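These notes concern the structure reproduced below.
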Amino acid sequence: MLGLNKRDTLLFAIVIAITLLAPIILNPFPVASDLAQFNAGYPDLMQRFVIFGIFAIGFNILFGLTGYLSFGHAAFLGVGSYAGVWMMKLLTMNVVPAIIVSVIFAGLFSLLVGFISLRRSGIYFSILTLAFAQMSFSLAYSVLTPITNGETGLQLSLNDPRILGVSQTADGSIPMTNFFGIAMRDGFELSMGGWLFTFNAGYYLCAAILLIAFYVSIRIFRSPFGVMLKAVKSNQQRMLYTGLNPRPYTLAAFVISGMYAGLAGGLMVAMDPLAGAERMQWTASGEVVLMTILGGTGTLIGPILGSGVIKYFENIFSKINDNILHDWFAFLPDGLEDFVVAIVYPFVGKGWHLTLGIVFMLVVIFLPGGIVEGGQRIAGLFKRKPPEDKNKTAAASAPSAAE
Amino acid sequence: MGILEVKGVNKRFGGLKALSDVNLDIAEGSVHAIIGPNGAGKSTLLNCFVGRLEPDTGTVMFDGRSLLGIQPFEINQIGVSRVFQTPEIFADLNLLENVMIPAFARRDGAFKINGWMSVGDEAEIREEAMTMLDELGMASKADHIAGQLSRGDKRRLELAMCLVQKPKLLLLDEPTAGMARADTNNTIDLLKQIAKRGITMVVIEHDMHVVFSLADRISVLAQGTVIVEDEPGKIKGNPKVQEAYLGGAHL
């Protein structure tokens with residue numbers, strides 16, 4: 001279906017189902033229960049899951065296929081964000097032109113950065129991209145203030161021209177971002193029993209774009225172009241003596257992943273029209289690296305899982321404070337309760353980075369293939385090995401069965 | 001006039017004169033062996049044919065085109081394939097992909113973004129790659145990861161990757177190095193078959209058994225210069241060769 005083989009079609013169908021049902025799946029606990037704080041099904045967070053998923057999918061096209069580790073991809077996300085806000089300031093509050101222009105600007109900028117950085121490989125490439133991103137961050141923060149509005153961040157104002165829209169609404173406020181009239185903030189809530197589900201227009205726009213982005217990534221992975229990108233990672237020497245020029249292939253992958261980053265940046269401002277320089281900082285670039293590795297580098301679904309886990313940690317796990325811990329361990333004798341809370345506390349709440357760091361180390365050491373490899377191993381325990389000949393036909397129809 | 005013409009090639013590495021005034025004329029469809037003691041400049045010469053090294057002076061013409069000043073991938077695109085001393089393969093990919101990549105390179109050129117096609121739909125290229133693997137007796141391993149093959153199999157895979165491109169000139173750098181006797185004989189048979197297809201071959205080899213069973217002509221390289229070029233039968237008895245190459249011992 002859709003030009004995908006059976007396995008990929010199934011994977012795509014699962015991703016479609018999960019993204020469409022996310023507002024329900026992510027809200028498994030009734031509102032009134034103690035566990036309601038673990039519900040992640042609110043629009044703001046769901047949008048972030050999906051947007052960072054897109055960012056990581058794109059990053060994986062570069063890092064997962066060609067093996068070139070960029071430490072500067074947040075710069076493209078930032079450029080996309082600024083371009084998007086400018087479209088909303090100058091043209092219209094409709095998010096479509098903003099998103100398109102975000103992708104174009106990020107693509108052009110990544111073409112420039114990639115053209116220069118790809119003259120080196122390995123650690124030197126990584127350092128070059130890091131240098132570019134930090135340079136972009138500093139410029140956005142200081143010199144380019146007329147364009148980026150410096151440390152305040154670029155925001156909409158009441159006297160923006162908005163040629164195709166209105167500068168301000170009838171009641172004197174800034175108009176809302178919309179998709180052909182559907183405000184991104186719109187949505188409806190569904191209350192069932194003790195559960196409350198929020199279906200948000202902005203989320204569904206992001207989700208639809210994620211699905212397109214994911215589909216395109218599957219097509220790239222399975223195409224001759226994708227095989228060439230894997231060849232870049234595997235042996236550039238052999239490529240060169242096989243009549244293939246590795247550089248344009250790598251540059252193409254770099255620009256595609258830069259455009260994905262720009263798309264993510266554009267969606268961020270489509271949901272919340274504000275772009276700040278901190279979006280381009282090296283920590284933001286590092287985050288997408290973590291997401292990709294945690295989920296499974298070079299796998300199709302890995303980056304989405306990785307971004308989901310990290311964003312969940314950042315937004316939900318970080319909310320567990322000592323009061324909550326005391327509640328949980330209230331059944332223990334007083335002295336012991338304090339002791340256990342004291343032990344656990346550094347790992348939760350504001351200490352979520354510590355837990356994430358440990359999880360990350362464990363994954364890298366024991367599961368180099370990330371969460372996806374973990375899943376495959378668990379599945380392997382339950383599934384008996386298929387007969388030999390069956391294995392072969394599967395491999396013949398999908399040359400990259402290793403993924 | 002041969003398909004590969006080398007005239008007056010000199011190459012210096014600092015104070016070392018690696019090649020001095022090398023001349024070769026390799027006839028189309030022939031198997032030409034280059035032998036010589038270690039450090040004679042055999043690999044340096046081969047590197048000058050594929051764009052890895054640039055000679056200081058001299059010309060290298062292939063099929064009427066100069067091979068100097070162009071990139072290795074361009075040289076390959078005009079019909080020169082090379083097998084390395086240590087097999088260069090795509091170790092993370094499976095055998096089928098390894099052979100499909102050069103087939104794509106021949107069809108699509110040095111760079112093409114066909115990101116919307118599926119490898120699964122490339123029936124023709126797949127067929128071609130499978131046939132080639134089958135010819136080299138590796139069809140049953142098509143879905144194995146290339147890095148896990150034995151050294152001998154890696155060599156055969158590399159050969160398959162070169163042959164699937166239907167090159168006009170095949171350069172082989174010690175194709176049987178490190179092989180057991182049986183494997184060596186298989187490789188010789190295989191190379192003989194390839195020669196029958198009319199592919200011109202230039203072989204660098206240490207193993208005299210291989211050289212004398214394959215080559216139509218032999219050039220002996222010593223200290224960066226061609227001292228003798230002749231038919232295999234005449235090389236054996238040539239005193240110059242015995243002097244330079246074997247230190248006077250009889251073959």
Side-chain angles (χ1 to χ4, degrees), chain A residues 2-9 61 64-67 215-253 255-256 298 388-389 391-403, chain B residues 50-52 71-84 87-98 100-122 125-126 129-130 140 142-147 158 161-162 164-165 167 171:
Chain A
L2 294 168
L4 303 180
N5 67 33
K6 242 182 182 172
R7 268 180 47 159
D8 293 340
T9 309
I61 291 175
L65 289 178
T66 71
Y215 175 69
V216 170
S217 134
I218 301 180
R219 292 299 297 243
I220 290 175
F221 265 65
R222 300 298 181 229
S223 70
F225 174 66
V227 174
M228 294 305 173
L229 297 183
K230 288 184 211 165
V232 169
K233 183 181 187 177
S234 190
N235 192 341
Q236 290 200 34
Q237 182 83 345
R238 187 16 103 195
M239 265 186 106
L240 213 48
Y241 292 97
T242 304
L244 296 161
N245 190 355
R247 193 175 287 166
Y249 278 109
T250 323
L251 184 59
V255 172
I256 291 170
E388 188 67 15
D389 55 340
N391 229 344
K392 247 175 239 156
T393 43
S397 62
S400 323
E403 290 154 22
Chain B
V50 291
R52 199 181 218 183
Q71 295 248 42
F73 64 85
E74 294 171 299
I75 292 177
N76 177 276
Q77 286 287 350
I78 59 177
V80 182
S81 283
R82 171 173 183 181
V83 173
F84 287 80
E88 294 274 4
I89 51 171
F90 300 112
D92 317 323
L93 307 182
N94 67 32
L95 271 62
L96 181 62
E97 284 170 314
N98 264 275
M100 283 173 83
I101 288 170
F104 280 130
R106 198 193 71 220
R107 191 192 67 184
D108 298 339
F111 173 65
K112 185 180 181 188
I113 296 189
N114 38 4
W116 209 246
M117 286 292 297
S118 164
V119 174
D121 298 335
E122 299 277 6
I125 296 276
R126 176 179 298 269
M130 279 310 285
S140 61
D143 60 335
H144 289 211
I145 298 298
E158 200 187 19
M161 291 163 73
C162 289
V164 82
Q165 296 195 302
L171 306 172

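On a predicted model such as this, the values are computed, not experimentally measured, just so you know. The sequence lines fix the lettering, A, B, ..., with proteins before strands; numbering per chain opens at 1.
Neither the backbone nor the side chain of B:Arg106 comes within contact range of chain A; no heavy atoms are under 4.5 Å apart. B:Val83 touches chain A through its backbone: at least one of N, CA, C or O sits under 4.5 Å from a heavy atom, while the side chain does not. With a 4.5 angstrom heavy-atom cutoff, B:Ile75 does not touch chain A via any of its atoms.
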Step by step, work out the side chain to side chain contact (heavy atoms under 4.5 Å, CB included) result for A:Lys230 and B:Asp92.
CA-CA 8 Å; A:Lys230 288 184 211 165; B:Asp92 317 323; over 6 Å; no
Assess the residue pair B:Phe111 and A:Arg247 against the criterion (side chain to side chain contact (heavy atoms under 4.5 Å, CB included)); give the C-alpha distance rounded to whole Å, side-chain angles, the decisive distance to 0.1 Å, and a yes or no.
CA-CA 9 Å; B:Phe111 173 65; A:Arg247 193 175 287 166; over 6 Å; no
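Between the B:Glu88 side chain and the A:Arg238 main chain, no donor and acceptor come within less than 3.5 Å of each other. A donor-acceptor pair under 3.5 Å is formed between the side chain of A:Ser234 and the backbone N or O of B:Ala91. Proximity of a side-chain donor or acceptor of A:Tyr249 to a complementary backbone N or O of B:Ile113 within less than 3.5 Å is not detected. A:Arg222 places no side-chain N or O within donor-acceptor distance of the main-chain N or O of B:Ser118, the cut-off being under 3.5 Å.
Between B:Ile89 and A:Asn235, the closest heavy-atom pair is O-ND2, 2.9 Å. Here the closest non-hydrogen pair linking A:Thr242 and B:Ala105 is O-CB, 3.2 Å. Smallest separation of non-hydrogen atoms from A:Ala231 and B:Ile101: CB-CD1, 3.7 Å. Scanning all heavy atoms of the two residues, the minimum distance from B:Asn76 to A:Tyr241 falls at ND2-O, 3.0 Å.
Residues B:Phe73 and A:Leu244 fail the side-chain proximity criterion, which asks for heavy atoms closer than 4.5 Å. You'll find the side chain of A:Phe225 stays beyond 4.5 Å of the side chain of B:Met117, heavy atoms only.
For chain A, the option among B:Glu122, B:Arg52, B:Met130 with the highest count of heavy-atom pairs below 4.5 Å is B:Arg52.
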